[in-house]
Structure formats: C-alpha cells, structure tokens
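Read through the structure below, which is laid out as structure tokens, and then see the notes.
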Amino acid sequence: MVVPGQQNTEEKVFYPPEDLRVDAHVPDLNSYRALYKKSIEEPEEFWRDVAQEFYWKEPPSGRMLQYNFDVTKDKVQIKFMEGAKTNMCYNVLDRNVLDRNLGTKVAFHWEGNSPDHHLTITYSQLLKQVCRCANALKQMGVQKGDRVAIYLPMIPELVYSMLACARIGAVHSIVFAGFSSESLAERIMDAQCTVLVTADGVYRGEKLIKLKQISDEALDHCREKGSLTVQKCLVVKHHAFRIHGNDTCNKLQTRWNAECDVWWDEAVDSESDECDPEWMDAEDPLFILYTSGSTGKPKGVLHTIAGYLLYTSLTFKYVFDHHHDDIYWCTADIGWITGHSYITYGPLANGATSVLFEGIPIHPHVGRFWEIIEKYSVSKFYTAPTAIRLLMKYGREPLNKYDLSSLRVLGTVGEPINPEAWLWYHDAVGQGRCPVVDTFWQTETGGHVLTPLPGATPLKPGSATLPFFGVLPTILNEHGEELEGEAEGYLVFQRPWPGIMRGVYGNQERFENTYFRKFPGFYVTGDGCRRDKDGYYWITGRIDDMLNVSGHLLSTAEVEAALSEHSAVAEAAVVSRPHSVKGECLYCFVTLKDCREFNHTLMDELKRKVREKIGPIATPDFIQNAPGLPKTRSGKIMRRVLRQIARNEKDLGDLSTLADPNIVEVLLSQRCEAAA
Ligand code: WT7
C-alpha cells in the first residue's frame with residue numbers, strides 16, 4: 001500500500017521527551033546501539049542474560065539457539081534453549097505471586113462493553129482462577145499436547161483458559177470470536193481439537209453475537225465432514241450471568257447436548273484452586289494461531305514456549321518502556337496475535353497491570369476510549385491505525401472531555417500508519433508529550449521486530465524505525481541480491497530471534513514454501529520495505545496476494561473461494577482498494593454463469609456468503625459485474641490491471657500480454673464508484 005505523504009514528512013523528526021528518558025530502560029540511541037550490537041554479535045550471552053529472570057526447572061542441554069534457514073541445505077528449523085524445562089503459566093503467574101511478591105497487584109482491570117460492567121483481578125486471583133480452569137480441563141480429559149479451541153470474547157475467562165492450557169501443557173488455538181462457524185470449524189478440524197471453550201453470547205457494541213449457536217453450527221460442520229474431534233464444549237455463562245445478572249435468562253440457547261456441553265460455572269468453580277504445572281520442554285508447542293494464507297486455506301502458525309516467553313517479555317518491557325506503576329492498555333482482541341503477545345503473555349511476564357476491554361471504540365459513545373484512559377489513568381496505550389482513523393473523524397471534541405494527562409507512550413500496530421493519522425495520534429491524543437511507537441511485526445514473528453524504543457529512538461511519522469534486539473533485517477531485490485544503504489525491496493530476516501514461529505501446524509512443506517523458498521537463507525515477510533539514508537525502515541505494504549483490512553490480513557484467494565461457492569458465480573477475482581478507515585477494503589469482480597442476472601439480491605447473497613465462510617471482517621465493499629476478466633494468453637488473471645481499475649487509475653500500463661484487451665474498457669466503463 002502506498003502511504004500518502006510519506007516522502008514529504010520524512011524530514012520531520014520527533015525526539016524522545018526528556019522526562020521519559022530520565023528513567024527509561026534504554027535512554028538514548030547509543031545505549032540502543034550498544035545493546036543491539038551485543039544481541040547480534042553475542043546472541044547466546046544476550047539471551048542467557050534475559051533468561052536469568054525466569055524460572056527454569058532444568059537448564060538447556062546445549063546451545064541457546066540452533067537453526068537452519070537455508071531450505072536448499074536441510075529442513076528449516078529453529079530451536080531455542082532446547083532441553084530446558086519450564087512452564088509458561090508458572091513464569092507469568094506463580095513467579096510473580098511467589099518470587100516477586102506481586103500477589104495483590106492488579107493484573108487486569110476488566111472493562112465490559114457496557115460501562116456498567118467491570119471487574120478487577122489481582123495476580124493471586126488470576127492464578128487461582130487459572131488453576132481451577134486447568135483442573136476442569138483435566139477432568140474433561142485434556143492431556144499434555146492436546147489442542148483446545150477457544151472461541152471467546154474479551155472476557156476474563158479467555159485469559160483463564162489460555163493460561164490453563166499453558167499450565168497443563170495443552171496447546172491453545174484461539175479463534176477470534178468474530179469468525180464465522182465455517183471458519184471456526186475449519187480451524188478446529190485442522191488442529192484436531194478435543195475441547196472447545198466458548199460462551200453463550202456477547203454484545204459487541206449494540207450487536208448480540210450468539211457464540212454458543214455459532215459453536216454448535218461449527219461442530220455440525222465438523223460432523224458433516226466426518227471429523228468431529230471435539231468431545232467437550234465448555235460454555236461460559238457470560239450473557240446470562242454477567243450481562244443479565246441471572247441464570248434464568250437463558251434465551252440464547254438453541255441447543256444443549258448434555259453429553260458434550262458443560263457450563264463453566266458448574267465445571268470450573270467447584271475445582272481446587274491449586275494445580276501443579278506440567279514441566280515442559282522449551283521447544284514444546286505453546287499455541288497455534290491461524291492466519292490467512294495466500295492459497296486461501298489459513299495456516300496454523302505454531303509458537304513454542306521458551307523463546308516466545310523471552311521475546312514477548314523483553315519487547316514489552318523495552319518497547320513500552322514498562323515500569324512497575326504503569327497502567328497499560330492494548331485495545332486489540334486476544335483472538336489476534338497482538339492480544340496473545342501484548343495483552344496476555346508479555347505484560348503478565350513483566351508483572352504489569354493492564355486494562356482488558358470487551359467493547360468497541362464508539363459504544364456507547366465516541367469518547368469511550370478516552371473515558372477508559374481517564375478512568376484507569378492509563379499510561380501506555382497501544383492501538384491500531386484503523387481505530388485512530390475512525391476516531392479522527394469525530395475531531396478533538398470528544399477528547400477534550402477527558403483528562404488524558406496520565407498518558408506517556410502511545411503505540412500502533414497492524415498496518416502502515418499514514419503520517420496524518422500518526423500526527424493526530426501524537427498531537428491530539430498524546431498532547432504532543434508522548435512518543436508514538438510504530439511497531440511492525442506479524443503473527444509469525446511472535447513479537448515486535450522493527451520498532452522504536454520510546455526513550456531512545458528519534459521518530460519519523462510513518463516509519464517503524466529500527467530493528468529490535470536480535471533482529472537482522474535485510475532488503476532484497478527481485479533476484480535475491482542484498483541491497484545496501486538507501487534501498488527499496490523485499491523485507492526479509494537473516495536469522496531467527498527467539499519469538500519467531502516454529503512451523504505451520506502439521507505442514508512443514510507449507511512452512512518452508514511460504515517463508516523460506518523464495519530467497520533461500522532468509523525468512524520472507526511478504527512485505528515491501530524502504531530503508532532511508534538514516535537506516536530507518538518504512539514498510540510499504542504487502543507484496544503478495546494478501547490485503548490488510550483494518551489491520552487484519554486476508555487473502556484474496558480466500559474471498560474468491562467463498563464467492564465462487566455461490567451457484568450463480570462462474571469466476572471471481574478480488575483485489576484491494578484503499579479505504580479511509582479500514583486502510584484497505586475488498587473490491588470483487590464477479591463473472592456470472594450464463595443466464596444469471598446481476599442484481600441487488602444477488603449482491604446481498606454474495607456478501608452473506610463471504611460473511612458465512614469467513615466472517616464480517618471480510619465483507620466486500622464493492623462487487624462489480626464482470627462479463628470477463630483480463631487474462632494472459634495462458635489464462636492467468638492479471639490482478640495488477642484489476643487493482644488499477646478498482647482504484648480508477650487511468651494509466652493501465654502495458655496490456656500487450658492480455659488475451660482480450662477489450663475487456664479492460666468494458667470493466668472500466670462499469671466500475672463501481674460507491675460502495676455496494
Ligand atoms: C502484517 C501482519 C502484528 C499484529 C497485527 C497484524 C502489517 C503490521 C505493521 C506496521 C506496517 C504493519 C504487515 C504485516 N503490519 N504492523 N507497524 N507497519 N505494516 O498481524 O495479521 O499477522 O499481519 O500486518 O503487512 O506483514 P498479522
């Protein structure tokens with residue numbers, strides 16, 4: 001994606017504020033450079049020092065880090081602290097309660113969708129809840145290595161259940177509670193989960209989402225496909241209890257299968273609040289999290305225990321310059337990697353106090369974010385460009401009603417941030433006092449890889465600035481040649497850092513093909529990137545068939561497959577088009593079968609199809625009737641041309657390879673001006 005205005009603002013630099021530098025973990029650029037140098041030149045020592053903070057039942061049997069990135073030589077693999085024995089849950093909870101005396105410290109201020117609902121959870125309360133849940137999972141037959149699907153909204157039970165899995169050595173697979181039943185089913189089947197944790201229902205803004213009903217439909221899909229692995233479904237009474245305050249209000253339940261379904265309060269609350277942690281190998285799996293793949297089928301990104309613990313913990317500490325008295329708030333959903341790394345694991349590993357927010361930015365009013373910042377005196381705030389652009393639309397007035405003087409550091413993640421949004425965030429939200437850390441990373445990287453450090457790095461709006469410790473970025477040209485100095489090309493990484501993914505669940509070949517085949521010896525991010533004269537990195541957006549809608553990756557193939565399932569559709573091609581709030585949105589070209597008519601009913605059906613297959617996030621903004629698609633003589637769709645049509649670009653470049661150049665004129669004359 002082209003970031004508008006990027007070139008012009010490049011010269012504007014924002015230096016770290018003095019009051020922040022006074023007690024910053026990394027107080028200037030020289031300290032950053034020294035630590036970075038050590039992390040690259042002496043990685044074993046660097047990470048051994050970091051590991052000292054944590055609890056190890058046994059030390060690693062060999063080196064800290066072993067890996068192969070060269071797919072032409074051997075299998076691609078990454079091993080960090082192999083042989084060491086530890087437990088993730090012990091490190092983020094017991095260690096804080098027992099060794100660091102943080103039992104009475106607040107781990108989470110839970111704030112509901114409605115301002116009337118809130119709850120405070122200390123570290124020792126969290127530990128007890130997690131143990132109860134862990135015991136209940138064991139009762140349900142969950143053993144070390146088993147996969148547990150979690151389909152929950154942003155409620156405390158989501159944190160309890162993921163940490164309960166970590167405690168007993170089960171592998172969690174969290175599915176964002178906005179995905180459809182088919183998406184949930186696909187993910188459950190791929191990981192062969194034996195337990196599903198869900199809730200009766202939840203309000204997101206004004207909208208009621210019937211999670212148990214969607215879960216039932218998902219299990220029906222699994223059954224139809226002949227691969228129902230789920231034996232138990234644990235259901236939180238969130239809608240009935242927490243929202244309506246009584247058990248009798250149970251109108252949401254469409255079905256109750258007594259052999260499979262278990263209420264959370266019946267199964268969990270009566271369990272003991274103690275549960276011995278399972279001692280795991282450093283390289284045992286911690287979780288699977290699905291992310292869109294360019295072939296259409298989501299990939300189960302696999303992360304393991306020790307490396308992920310060290311990396312999320314260290315990035316959290318440095319990137320947000322975390323201190324004991326901070327109140328931190330990340331507005332992401334735990335259903336995405338941002339929530340895994342920077343709501344659950346990173347903050348808890350540091351003994352931080354966080355806000356856990358169930359709702360959305362503009363409900364019940366457009367000042368909801370600012371109200372929460374004031375209510376809890378939030379000092380570190382982490383959100384997405386799409387949320388910033390949405391809130392920008394309402395101007396500064398909603399901000400003026402609240403006291404935001406507690407804020408010290410602001411962060412963004414998910415997509416390139418345009419300098420206009422960056423400056424508004426910095427000036428209107430941060431009142432010009434707070435550095436904005438633009439953190440570039442991916443589900444696959446586990447944690448921040450290109451990012452400023454707020455006390456050290458001079459900022460340029462729109463740039464993710466410099467690599468984090470242990471990260472060695474490189475820019476390659478099309479031929480795989482390394483580019484030095486000022487350059488633009490493919491962003492790749494030369495070696496692993498502890499938090500990088502270990503594989504695609506159950507599919508080593510796909511892991512190697514997706515990330516390591518194109519340029520042997522490098523991890524390929526799929527993003528384009530420019531390095532400026534100061535060595536700063538500027539992400540220019542995806543360079544594969546992926547698009548970024550509101551900070552979430554979708555593959556065009558995934559949406560095309562959903563559209564093609566409609567009986568009227570002969571062929572579909574999907575491209576991205578810039579969108580003022582979402583960043584990018586979907587523009588679909590649809591060729592109908594003979595004698596099918598293109599009308600509003602059909603458009604609604606197509607949209608519904610995509611929502612059912614993937615989820616509301618993937619709802620197309622534009623659907624154009626395409627009597628034909630621009631193809632090469634060998635039959636390959638020329639997406640470049642479709643993208644240009646969708647964006648109304650006049651110069652379509654070289655069309656000589658098209659089998660039928662006339663189709664371009666037809667498509668241009670009928671392009672959609674307004675959203676469908
Ligand atoms: C893709 C990864 C990492 C959590 C959220 C998304 C884009 C992410 C930035 C940023 C420019 C960014 C990239 C990346 N992206 N952060 N700060 N600047 N682009 O996780 O769904 O795995 O998506 O998001 O294109 O590859 P994800």
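Counting starts at 1 for both ligands and their atoms, in listed order.
Cation-pi geometry between Arg530 and Tyr537 is not satisfied (NZ or CZ under 6.0 Å from the ring centre, within 45° of the ring normal).
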When you pair each N or O of ligand 1 with protein N or O atoms, which pairs come out under 3.5 Å?
| unit_1 | atom_1 | unit_2 | atom_2 | d |
| --- | --- | --- | --- | --- |
| ligand 1 | 15 (N) | Gly414 | O | 3.3 |
| ligand 1 | 16 (N) | Gly414 | N | 3.1 |
| ligand 1 | 17 (N) | Asp438 | OD1 | 2.7 |
| ligand 1 | 17 (N) | Thr439 | O | 2.8 |
| ligand 1 | 18 (N) | Glu415 | O | 3.4 |
| ligand 1 | 19 (N) | Pro416 | N | 3.4 |
| ligand 1 | 22 (O) | Thr443 | N | 2.8 |
| ligand 1 | 22 (O) | Thr443 | OG1 | 2.6 |
| ligand 1 | 24 (O) | Gly414 | O | 3.2 |
| ligand 1 | 24 (O) | Asn548 | ND2 | 3.4 |
| ligand 1 | 25 (O) | Asp527 | OD1 | 2.6 |
| ligand 1 | 25 (O) | Asp527 | OD2 | 3.4 |
| ligand 1 | 26 (O) | Gln442 | NE2 | 2.9 |
| ligand 1 | 26 (O) | Asp527 | OD2 | 2.4 |
| ligand 1 | 26 (O) | Arg542 | NH1 | 2.8 |

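Ring-plane geometry between His172 and Tyr345 is classed as parallel, the angle between the planes falling under 30 degrees on a 0 to 90 degree scale with a further cut at 60. Ring planes of Phe287 and His303: tilted class, angle from 30 to 60°.
For the residue pair Ser341 and Tyr308, a side-chain donor N or O sits within less than 3.5 Å of a side-chain acceptor on the partner. Side chains of Tyr425 and Thr383: no donor on one and acceptor on the other come within 3.5 Å.
Leu466 has its side chain within reach of Thr457: a pair of non-hydrogen atoms, C-beta onward, lies under 4.5 Å apart.
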